[in-house]
Amino acid sequence: MSPEGEQTPQRELGVSQEPGGELRVRLSGDWYLRHGLPPLEAVRQALADQPDTRRIAFATEGVTGWDSSIVTFARQVAELCPDKVEVDISGLPEGARGLYELAEAVPEREGARSDEKGPSFLEQIGLATLALRDGAVDMVAFVGEVSVAMGQLLRGRARFRRVDLGLMLQHSGADALPIVTLISLLVGLILAFVGAVQLEQFGAAVYVADLVAIAMTREMGAMMTAIVMAGRTGAAFAAQLGSMKVNQEIDALRTMGISPLEYLVLPRMLALSLMMPLLCIYADLVGIIGGAVIGIGMLDVAPTTYIQHTIEATTFTNLFGGIFKASVYGVLVALSGCLRGMQSGDSASAVGDATTAAVVTSIVLIICTSGLFAVLFYILDI
Amino acid sequence: MATSETADSRRSETAAEHLGVRDLTMAYGSFVLQRGLDFSVNRGDVFIIMGGSGCGKSTLLRHMIGLKEPAQGEVFYDGESFTRASDDRRNEILRSVGVTYQTGGLWSSMTLAENVSVPLGEYTDLTPAEMREVSALKLALVGLRGFEDYYPSQISGGMQKRAGLARAIALDPSVLFFDEPSAGLDPISSHLLDQLILQLRDSLGATVVIVTHELASIFAIGNNSVFLDAKSRTMIAHGDPKYLREHAESPDVRAFLNRGSAPED
Ligand SMILES: Nc1ncnc2c1ncn2[C@@H]1O[C@H](COP(=O)(O)OP(=O)(O)O)[C@@H](O)[C@H]1O
Ligand SMILES: [Mg+2]
């Protein structure tokens, strides 16, 4: 291979007819990949003009520099020729001949190339429906497996490292405090603002305290925390388990007779289910403080009155209704994160897909469950 | 720098030097792995980097392709300092270098043909159809004809190694680096891979640098080598491994090359 550096390639390609039904492809000059492949047109034309060609040969004495572009070209020419035409590569440069022969040396493996066409539109709909069903079945199966693992845990037979549980508790608890603080403070502020604009019209600004307290404890504390945790921790679970799968770490656990459900999924489920109610209480508190900043600071409600109203509105049912929801959301987020992680394919992009799917699944489940709770609480008159 | 002057004078002695490592010290932080590495790789060599596990073979390879900076010393390509070259110049030099990694390093979200096409797309003006032809050729060269549309996870470990090689030779490199190419391969595949490396060396006219401790490969294809020692933290032998097997000064090297049963002095 000659050194690089020249700018305008001096090169020529000609096809000539020789006696005895032979076509000779004449190449000269520099032929490098970075300038493109030699054009096939002339050869194709010559073959069409001379249907009784017997042999095709190469003449490359004038070639001053080459790389695998010439080998690719020779293979293309060979492919172009009808079966009866004999391809003579003896005229190629020596190294190129070596490469050509090497490429031909291993026959194509039978059945390696799949020439399936993509599914038609109808088939795609069918496949998507089947995938939906499979997804549901997988989810139910996963919930079942997790329940079995939970059973093991209750009987004290689940195998996982206590250190892992501690680490997970920290990741899904203390480490989440800053973002939960920010979001719930702002939600409290926004609720107070929106409420104040309406309630001030009736001179009932003091009821901002009730509005914020009820909304935070009943709904928003749990919901906002759950959505934050879905994006933060659920996604992390999926990414961790997915990359462990790519690395065959999960296979390694299985072959040692350790259930990845117990070893990996349980600590994550436990940690998030334990931490979510606590985070929810914290979010309620911060949200109420956010509301108070507006109520006391801007609306001139007397602090004692505001606090009085807040305490009255924070009933036992409201508070525990919220905490109960938060626990359920926690389980859902952990389940979706772990499920998508364990289902992940084994490539880098599959881990990305699993992470996205985990967040989407968690949020869909959270919102649907929240609607379900709203109806249920209404019927039960809570 | 004083080292570069001595390097220049040494280079003139050996006209055929392709790669040079001069007075190289490799360190992770303050932990010095190897020091005083100094050797040449000649054009067309199959150069073996050998030594016990953990002595720094892969690290040396990473220094030679610029993935890690020397704590001291320099690496030369064709007499030009790679270590002191600008980033642009380094990229230009690296364009004539192909590397296969210890674990394949294929991009898992791309098919084999797409893997091979990435460097072609970056550095040539080929059309997508032409790129496909060229990547089919490269895959055929490593015996993977018909596997163009497979994903790395769908083929075996040995095939992944060969696909990694196909990607490494995409731009017809003049230097090929291998990190433990035959680790994890059966003896026959390993032998075939050795033959493939030799054939590619001959056809491409490339220089080959291989990290390996597979004795069969070392003797079958190596014609030059360096031996790194973990105890003394430096190279303790340099030359043709077939010669070193009998005549190396260090008994450790002879023991290594004779599978632990070194002929006593
Ligand atoms: N990123 C790193 N940080 C610190 N030390 C490392 C790092 N990578 C490797 N090492 C150390 O360098 C030594 C040599 O590693 P390596 O070059 O991979 O050895 P080998 O000769 O087996 O290829 C190892 O013993 C390891 O302790
Ligand atoms: Mg190594």
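Just so it is clear, the values below take in all heavy atoms, side chains as well, and ignore hydrogens, waters and symmetry mates. Treat the numbers as computed from the prediction; the structure is a model and nothing was measured. Numbers restart at 1 for each chain; the letters A, B, ... are given by sequence-line order, proteins then strands.
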Are there over 12 heavy-atom neighbours, none belonging to [X], within less than 6.0 Å of that residue's [atom1]?
X        : atom1 : answer
A:Leu130 : CG    : yes
B:Arg89  : CZ    : yes
A:Glu12  : CD    : no
B:His213 : NE2   : yes

Heavy-atom closest pair, residues [X] and [Y]:
X        : Y        : value
B:Leu126 : A:Gly36  : CD2-CA, 3.4 Å
A:Ser68  : B:Asp172 : OG-OD2, 2.7 Å
B:Leu137 : A:Ala103 : CD1-CB, 3.9 Å
B:Ala136 : A:Arg75  : O-NH2, 4.0 Å

B:Glu133 backbone acceptor or donor facing A:Thr72 side chain under 3.5 Å
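Checked: no pair found.
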Evaluate the side-chain proximity of A:Glu104 to B:Arg145: yes if any heavy-atom separation is below 4.5 Å, no if none is.
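Yes; the side chains approach each other to less than 4.5 Å.
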Decide yes or no for B:Leu196 and A:Leu102: does some side-chain heavy atom of the first lie under 4.5 Å from some side-chain heavy atom of the second?
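In short, these two side chains touch, coming nearer than 4.5 Å.
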Rounded to the nearest 0.5 Å, what separation is found between the NZ atom of B:Lys138 and the CG atom of A:Leu99?
7.0 Å
Which value, rounded to the nearest 0.5 Å, describes the distance between A:Arg34 atom CZ and B:Arg95 atom CZ?
9.0 Å
Between [X] and chain A, with a heavy-atom cut-off of 4.5 Å, which part of the residue counts as in contact: side chain, backbone, both or neither?
X        : answer
B:Ser153 : side chain
B:Ile169 : neither
B:Ala170 : backbone

Residue, of A:Val71, A:Leu33, A:Val246, A:Asp346, that accumulates the most heavy atom pairs under 4.5 Å with chain B
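Looking at each option in turn, the highest pair count goes to A:Leu33.
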Please state whether the side chain, the backbone, both or neither of A:Glu94 comes within less than 4.5 Å of a heavy atom of chain B.
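Neither; nothing under 4.5 Å.
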